[in-house]
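Everything on this sheet refers to the single structure shown next.
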Number of protein chains: 2
Amino acid sequence: MPAPRARRSAGRPHQRVLTQENITAAALEVIGSRGYEGFTMSSLAAKLQVAPSALYNHAASKQEVLRWIQDDLMAEVDVSAFASEPWEQAVRVWARSYRSVFVRHTPLIPVIAVLQVSGAPRTLAMYEAVTAGFLRAGWQEAAIVPAIVALESFIFGSAFDAVAPEDIFDTGSLADQSPLFTSAVAAAHAREGGKGAEEAFEAGLDAVVRGFSGQLPVPGHA
Amino acid sequence: MPAPRARRSAGRPHQRVLTQENITAAALEVIGSRGYEGFTMSSLAAKLQVAPSALYNHAASKQEVLRWIQDDLMAEVDVSAFASEPWEQAVRVWARSYRSVFVRHTPLIPVIAVLQVSGAPRTLAMYEAVTAGFLRAGWQEAAIVPAIVALESFIFGSAFDAVAPEDIFDTGSLADQSPLFTSAVAAAHAREGGKGAEEAFEAGLDAVVRGFSGQLPVPGHA
DNA sequence: ACCTGAACACCGTTCAAGT
DNA sequence: ACCTGAACACCGTTCAAGT
């Protein structure tokens with residue numbers, strides 16, 4: 001005679017496995033070990049020890065899972081400097097952190113571009129902290145959102161650039177058709193020694209930040 | 001009694017159909033009418049009136065076809081201003097043109113990031129013209145490539161942003177958790193009236209260009 | 001309420017067989 | 001040399017059937 005089933009018995013609630021948090025965490029594990037090419041609904045289900053079709057009781061689509069990941073990652077972006085540092089310094093800290101998070105997740109960038117902020121609380125929290133920092137620095141309200149969007153565009157573009165092969169600008173057999181560019185590539189390479197993406201990001205960041213700074217009230221003169 | 005086959009007869013050479021140019025042109029037609037979601041090796045083959053497997057005698061993969069398209073589009077980018085206008089003006093013309101071409105082709109952006117310039121003659125020609133303009137403006141050689149890469153990053157990021165829905169920043173039910181950002185979004189929207197991406201691009205372009213300009217020799221003082 | 005297993009409608013790509 | 005047709009090894013997603 002079998003014992004009465006223990007499942008759902010002892011008064012403690014049934015342990016839900018396929019929550020948004022668990023799915024997101026499992027997805028990040030799969031991506032971490034197998035990359036985005038290896039991240040399929042099948043591999044995600046396997047990690048959770050469940051049939052692929054079971055996922056669709058909790059997520060509407062793979063796109064939705066990607067949105068969960070995206071919002072999760074936003075919490076890793078460092079916005080702390082906006083509460084304490086001067087604006088120029090704070091934007092640099094934020095931009096470097098933002099880029100470094102998404103360099104490892106470039107396939108998400110097309111997802112971000114479509115991400116509705118109303119369903120992404122951590123993304124929204126980041127924007128709130130950044131906006132607070134801009135206001136504190138004396139930015140006029142209507143100029144803040146365009147500036148944030150412009151900075152984000154630069155950050156996402158730079159994240160893509162960071163995953164490009166180093167030798168992308170080798171002109172090869174076409175060198176004689178592009179003497180100026182070929183020489184410029186050699187000069188840049190001689191100076192930076194293989195960290196081209198980093199150098200380009202810092203140069204661009206410097207330019208945007210100083211460009212924006214130029215139209216701000218001088219601190220202490222408000 | 002059948003007539004002798006006319007095929008390959010009359011002394012004129014056999015008309016090749018599946019050339020790189022023809023495939024690229026057909027691909028652009030398919031993308032133009034059905035978008036990138038509708039662009040498959042199957043739909044491309046149908047446009048060329050050929051079996052899908054026939055394509056693999058001329059292109060190694062779908063990725064290669066995408067690279068052909070990418071290089072083809074680069075020829076549309078307007079670099080003419082670098083030959084005549086002052087640097088600031090020329091970069092703006094180039095950047096706007098570059099962005100407007102790839103706004104309609106954002107799925108190519110991840111392809112570009114990996115595109116070897118040695119196999120992309122039109123891309124290389126663009127870089128050559130841009131480099132010439134930078135040199136003419138007095139840029140030091142080693143700073144040119146990082147600056148171009150930074151500008152490109154901003155342009156690609158902005159192209160992504162341009163295809164995002166307008167209401168992406170509606171905070172919805174989370175508005176009370178993000179009062180500063182919600183208010184900033186409203187202020188921006190009141191000023192620009194729905195052309196947010198354009199405004200952000202112009203603001204960012206202005207900042208980078210002025211930021212870079214600040215470290216250039218004054219024209220006429222060389 | 002939520003899981004399984006089978007099925008569906010696709011993909012890109014390969015390859016033997018033809019001409 | 002280059003095309004066809006069939007096949008392969010996948011995808012994401014749906015859905016009837018179970019518990």
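In what follows, chains carry the letters A, B, and so on, assigned in the order in which the sequence lines appear, proteins first and then strands, with residues in each chain numbered from 1.
Set against C/dT13, D/dC3, D/dC15, the side chain of B/P52 has C/dT13 as its closest nucleotide. Distances were taken from every side-chain heavy atom of A/S61 (C-beta onward) to each of C/dC15, C/dT4, D/dT13; the shortest belongs to D/dT13. Listed candidates were C/dC3, D/dT13, C/dT13. Nearest to the side chain of A/N57 is C/dC3. Distances were taken from every side-chain heavy atom of A/S53 (C-beta onward) to each of D/dG12, D/dC3, D/dC15; the shortest belongs to D/dC15.
For C/dC10, there is no paired base (Watson-Crick or G-U wobble, both distances below 3.5 Å). Pair assignment for C/dC15 gives D/dG5, based on Watson-Crick or G-U wobble hydrogen-bonding distances that are each under 3.5 Å.
When the P atom of C/dC11 is taken as reference, atom CG of B/L44 falls 13 Å away, rounded to whole Å. In this entry the distance linking OH of B/Y36 with C1' of C/dC11 reads 18 Å, nearest Å. Atom NZ in A/K62 sits roughly 15 Å away from atom C1' in C/dC10 (whole-Å rounding). In this structure, B/M41 places its CE atom 16 Å from C1' of D/dC10, rounding to the nearest Å. Here D/dT13 presents its C1' atom at 14 Å from CD of A/Q63, a figure rounded to the nearest Å. Distance, A/Y56 OH to C/dC8 P: 17 Å, rounded to whole Å. Counting to the nearest Å, the C1' atom of C/dG12 and the CZ atom of B/F39 are 12 Å from each other. Separating the CD atom of A/Q49 from the P atom of C/dC3 is a distance of 13 Å, rounded to the nearest angstrom.
In this structure, a donor-acceptor pair under 3.5 Å is absent between the side chains of B/S118 and A/D170. Checking B/T171 against B/T182 by side-chain atom types alone, a donor-acceptor pair falls below 3.5 Å.
You won't find any donor-acceptor pair under 3.5 Å spanning the side chain of A/S42 and the base of D/dG12, going by distance alone. Between the base of C/dG12 and the side chain of B/T40 there is no donor-acceptor pair shorter than 3.5 Å.
Using a 30° and 60° split on the angle between ring planes, A/F201 and A/F154 fall in the parallel class, below 30°.
Taking the nucleotide of DNA chain D with the nearest heavy atom to each of B/A51 and A/A54, the more 5' of the two is matched to B/A51.
Checking the phosphate oxygens (OP1, OP2) of C/dA1, no side-chain nitrogen or oxygen of A/H58 falls inside 4.0 Å.
Aromatic rings from A/Y98 and A/F102 are positioned such that their centres are separated by under 6.0 Å.
A/E202 has no carboxylate O lying under 4.0 Å from a charged side-chain N of A/R92, or vice versa, which leaves the two without a salt bridge.
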